[in-house]
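Just so it is clear, the structure is predicted and the values come from calculations on it, not from any experiment.
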Amino acid sequence: IVLIVVSVVGLAGLLLYYYLLKKKYSKSTILYAKDTLVVKNKVEEAKKELTVMIDAVTEILDLSLEAFRNNNLEKAYSVEPLEQVVDILKLRLKSAHVNRLRKNECTIEMGFVHSDLLTNLERVSDHCSNIAACMIEIAHNSFEMHEYISELNKNHSDIYNQKFAEYKKKYNIKEVV
């Protein structure tokens with residue numbers, strides 16, 4: 001029961017974030033952060049990276065909300081592979097940004113903004129994963145959501161692997177050395 005309450009509370013925050021993300025002023029705030037993130041000639045690279053992350057989080061929001069609204073387990077099963085891709089994106093984007101900092105292509109101040117933005121986007125993705133996992137567990141008359149996610153991450157099914165590969169290709173950020 002606690003899991004359901006936490007997921008519903010998470011859903012309320014998720015819906016609020018989704019609503020704000022769809023509004024122009026909120027999107028412009030994100031775009032402003034993207035525009036002021038780097039100096040010199042790396043603005044376009046950072047913009048593209050953040051756009052990929054925002055697009056992936058927007059898709060996971062759409063998936064989890066559609067799954068929840070329509071009790072669509074197929075959509076719910078698609079959430080976790082995308083959540084794993086968002087986790088990878090966060091690590092790659094942070095690494096790329098650290099490289100820009102080392103080369104003096106970005107300011108420290110904007111590094112904090114970048115880090116906060118990535119953390120919050122990834123957190124939204126985590127909430128989506130929790131909602132989808134909760135739906136799947138309820139459908140299977142089980143309330144061991146974290147055990148389910150742990151098992152899923154350990155023993156990837158063919159469907160999971162296929163979805164993960166699709167999302168990884170769709171939201172590709174070049175490898176950072």
Out of Lys170, Lys169, Gln162, which one pairs with Glu166 under the side chain to side chain donor-acceptor pair (under 3.5 Å) rule?
->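 Running side chain to side chain donor-acceptor pair (under 3.5 Å) over Lys170, Lys169, Gln162 with Glu166 returns exactly one hit, Gln162.
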Report the relative orientation of the aromatic rings in Tyr77 and His140; use parallel for angles under 30°, tilted for 30 to 60°, perpendicular for over 60°.
->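 It falls in the perpendicular class, over 60°.
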Heavy atoms of other groups near Lys75 NZ, more than 12 under 6.0 Å =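 Open: at most 12 neighbouring heavy atoms sit under 6.0 Å from NZ of Lys75.
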Quick check: are there more than 12 heavy atoms from other residues, nucleotides or ligands sitting under 6.0 Å from CG of Leu91?
->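 Check passes, neighbour count above 12.
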Any heavy-atom pair between the side chains of [Y] and [X] that's under 4.5 Å?
| X | Y | answer |
| --- | --- | --- |
| Leu82 | Lys163 | no |
| Ile131 | Val79 | no |
| Lys90 | Leu121 | no |
| Thr119 | Lys94 | yes |
| Asn172 | Arg92 | yes |
| Arg102 | Val98 | yes |
| Asn120 | Arg123 | yes |

Arg100/Glu49 ion pair, N-O < 4.0 Å =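 Looking at Arg100 and Glu49, the cut-off is met.
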Any idea which heavy atoms bring [X] and [Y] closest together, and the distance?
| X | Y | value |
| --- | --- | --- |
| Met53 | Glu122 | CE-N, 4.2 Å |
| Met135 | Asn71 | CE-OD1, 3.7 Å |
| Cys128 | Ser64 | SG-OG, 3.2 Å |
| Val85 | Tyr171 | CG1-CB, 4.2 Å |

Does a side chain donor of either Tyr167 or Gln84 reach within less than 3.5 Å of an acceptor in the other side chain?
->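 Note: Tyr167 and Gln84 side chains miss the donor-acceptor criterion.
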Gap between atom [atom2] of [Y] and atom [atom1] of [X] - 0.5 Å precision:
| X | Y | atom1 | atom2 | value |
| --- | --- | --- | --- | --- |
| Asn72 | Leu63 | CG | CG | 9.0 Å |
| His127 | Leu61 | NE2 | CG | 10.5 Å |
| Ile60 | Leu65 | CD1 | CG | 10.5 Å |
| Ser78 | Leu73 | OG | CG | 10.5 Å |

For side chain to side chain contact (heavy atoms under 4.5 Å, CB included), just list the numbers for Leu118 and Leu50, CA-CA rounded to whole Å, side-chain angles, deciding distance to a tenth of an Å, and then say yes or no.
-> CA-CA 8 Å; Leu118 291 178; Leu50 284 170; 3.9 Å; yes
Do Phe164 and Glu80 pass the side chain to side chain contact (heavy atoms under 4.5 Å, CB included) test, and can you show the C-alpha distance, the side-chain angles, and the key distance before you say yes or no?
-> CA-CA 8 Å; Phe164 179 78; Glu80 186 60 25; over 6 Å; no
